[in-house]
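The structure appears below as structure tokens.
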Amino acid sequence: SIPSPVHIVNLFKEQNIEFKPDVTNPVASIHRYNLEAKKALNLGVLGADMAYVSHFNDAQLSSAYFAGLYTLAKDLGLDSHIDDEIVEAVKQNFGSRDSLLSLNGRFFQACDFYLRNNGRRDVSTLILLGAWVESMHLACQYADQFPLVMQRVGEQRYSAASIGSLCNSLDSSLVLGWKPTLMELCENLHTLQSEYNYKPPVEDQQNKITYIKSATTVKIVDDIVTGK
């Protein structure tokens with residue numbers, strides 16, 4: 001399975017990570033994208049970026065990113081298939097982190113549902129790939145400082161095969177120029193080794209809850225993540 005950008009952002013919350021204003025894709029760059037494939041990829045990128053900036057409750061920046069991603073959605077013919085209620089709710093909650101993260105997810109679910117049911121799976125796939133790559137990019141900005149973020153990046157080895165398959169499913173004209181780089185990343189992630197550490201589960205008899213204590217650790221070579 002391929003994790004949503006919200007999963008990475010929730011990890012940022014747990015780690016009390018500080019905002020870095022220069023790590024996202026500038027909203028103004030959307031005017032450079034004149035092909036459908038580029039618009040779709042960058043709709044996914046801006047979706048991940050909006051999840052990131054929303055985490056820090058910056059209403060002005062969240063508003064700017066939503067305006068950018070809505071522009072791309074409109075260019076792709078998706079705006080009329082997104083419930084007006086979602087759009088209005090987003091506009092009313094630019095300063096509310098949890099509400100925006102939930103609405104961000106609903107926005108992209110609506111896009112995905114329409115695309116997959118109307119013969120536009122390539123566009124849906126490109127959006128997903130853009131969101132995944134940007135989520136990885138954002139996580140790598142913190143991985144060398146926060147071991148748990150580094151671990152989460154390493155865990156993407158389990159997504160690497162799915163990402164590679166999605167990339168290979170696309171028409172070659174849509175992935176021209178960036179497919180080799182993405183496939184190399186997937187290959188590097190796939191070669192990471194994992195180790196399962198068993199610990200007995202803990203039973204809460206009173207509340208009838210079982211707590212799983214076992215964990216899988218991915219062994220990471222730092223330069224794969226940081227590029228150093």
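Hydrogens, waters and symmetry mates are skipped; everything else that's a heavy atom, side chains included, is used.
- Residues Leu185 and Met183 do not share a hydrophobic cluster, clusters being chains of Ile/Leu/Val/Met/Phe/Trp/Tyr side chains in contact below 4.5 Å.
- Using a 4.5 Å heavy-atom cutoff, the side chains of Leu76 and Leu43 are in contact.
- Atom NE2 of His190 is surrounded by 12 or fewer heavy atoms from other residues, nucleotides or ligands within 6.0 Å.
- In this view, Tyr142 and Phe12 satisfy the ring-ring contact (aromatic ring centres under 6.0 Å, His included) rule, not counting sequence neighbours.
- Minimum interatomic distance between Gly130 and Val45 (heavy atoms only, all atoms of both residues): O-CG2, 3.5 Å.
- Residues passing the ring-ring contact (aromatic ring centres under 6.0 Å, His included) test with Phe146, sequence neighbours excluded: none.
- Not a single donor-acceptor pair under 3.5 Å links the side chain of Ser63 to the backbone N or O of Ala59.
- One distance of note links CG of Leu72 with CG of Leu78; it measures 10.0 Å at 0.5 Å rounding.
- The two residues Ala110 and His81 have their closest heavy-atom pair at CB-O, 4.2 Å.
- Placement of Ile86 and Leu46 within a single hydrophobic cluster is found when ILVMFWY residues are connected by side-chain heavy-atom separations under 4.5 Å, directly or transitively.
- No hydrogens or angles considered: nothing links the side chains of Ser162 and Tyr158 as a donor-acceptor pair under 3.5 Å.
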For a side chain to side chain contact (heavy atoms under 4.5 Å, CB included) check, start with the C-alpha distance between Arg106 and Leu103, then their side-chain angles and the critical distance, and finish with the verdict. CA-CA 5 Å; Arg106 289 175 61 191; Leu103 290 164; 3.7 Å; yes
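- Residues His55 and Leu101 are not in side-chain contact: their nearest non-hydrogen atoms beyond the backbone lie 4.5 Å or more apart.
- In this structure Asp112 satisfies the salt bridge (Lys or Arg N to Asp or Glu O under 4.0 Å) test together with Arg116, sequence neighbours excluded.
- More than 12 heavy-atom neighbours from other residues, nucleotides or ligands sit within 6.0 angstrom of CG on Asp171.
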Before giving the answer on side chain to side chain contact (heavy atoms under 4.5 Å, CB included), spell out for Tyr70 and Val90 the whole-Å C-alpha distance, their side-chain angles and the decisive distance to 0.1 Å. CA-CA 11 Å; Tyr70 192 73; Val90 170; over 6 Å; no
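- Judged purely by distance below 3.5 Å, without hydrogens or angles, the side chains of Asp58 and Ser62 never pair a donor atom with an acceptor atom.
- Using a 4.5 Å cut-off between side-chain heavy atoms of Ile, Leu, Val, Met, Phe, Trp and Tyr, with links allowed through other members, Val23 and Phe19 fall into the same hydrophobic cluster.
- If you take CG on Asp49 and CG on Leu61, they are separated by 9.0 Å, rounding to the nearest 0.5 Å.
- Counting all heavy atoms, side chain and backbone alike, Val149 lies closest to Leu11 at CA-CD2, 3.8 Å.
- Under the 3.5 Å distance criterion, the side-chain polar atoms of Thr71 are matched with a main-chain donor or acceptor of Ala67.
- Sequence neighbours left out, the pairs with a member in residues 21-42 that pass salt bridge (charged side-chain N to carboxylate O under 4.0 Å, His left out) are Glu36-Arg120, Lys39-Asp75.
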Determine whether Leu182 and Val133 satisfy the following criterion, side chain to side chain contact (heavy atoms under 4.5 Å, CB included), listing intermediate values before the conclusion. CA-CA 8 Å; Leu182 181 57; Val133 169; 3.9 Å; yes
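- Here the straight-line distance linking atom NZ of Lys20 with atom CD of Glu18 works out to 9.5 Å at 0.5 Å rounding.
- The CZ atom of Arg157 lies 12.5 Å from the SG atom of Cys186; values are rounded to the nearest 0.5 Å.
- Here the straight-line distance linking atom CG of Asp79 with atom OH of Tyr114 works out to 10.0 Å at 0.5 Å rounding.
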Pair Leu170-Leu129, side chain to side chain contact (heavy atoms under 4.5 Å, CB included): steps then yes or no: CA-CA 11 Å; Leu170 294 168; Leu129 290 175; 3.8 Å; yes
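- Every residue meeting the ring-ring contact (aromatic ring centres under 6.0 Å, His included) condition with Phe107, not counting sequence neighbours, appears here in chain and number order: Phe66.
- Side chains of Ile30 and Leu69 form no contact here, defined as non-hydrogen atoms less than 4.5 Å apart.
- Under the 3.5 Å distance criterion, the side-chain polar atoms of Ser102 are left unmatched by any main-chain donor or acceptor of Ser99.
- Asn104 approaches Gly47 most closely through the heavy-atom pair ND2-O, 3.1 Å.
- Residue Lys91 places its NZ atom among 12 or fewer non-hydrogen atoms of other residues, nucleotides or ligands, all under 6.0 Å distant.
- In the displayed structure, Glu187 atom CD is contacted under 6.0 Å by at most 12 heavy atoms of other residues, nucleotides or ligands.
- Taking both residues in full, the closest heavy atoms of Leu126 and Leu41 are given as O-CD2, 3.4 Å, listed atom of the first, atom of the second, then distance.
- Considering every non-hydrogen atom in both Phe94 and Leu100, the closest pair reads O-CD1, 3.5 Å.
- Once rounded to the nearest 0.5 Å, the distance linking OG of Ser124 with CZ of Phe113 reads 12.0 Å.
- Applying the side-chain contact (heavy atoms from CB on, under 4.5 Å) criterion to Ala131, with sequence neighbours excluded, gives Pro5.
- Counting only N and O atoms by type, the side chains of Tyr65 and Thr24 include a donor and acceptor under 3.5 Å apart.
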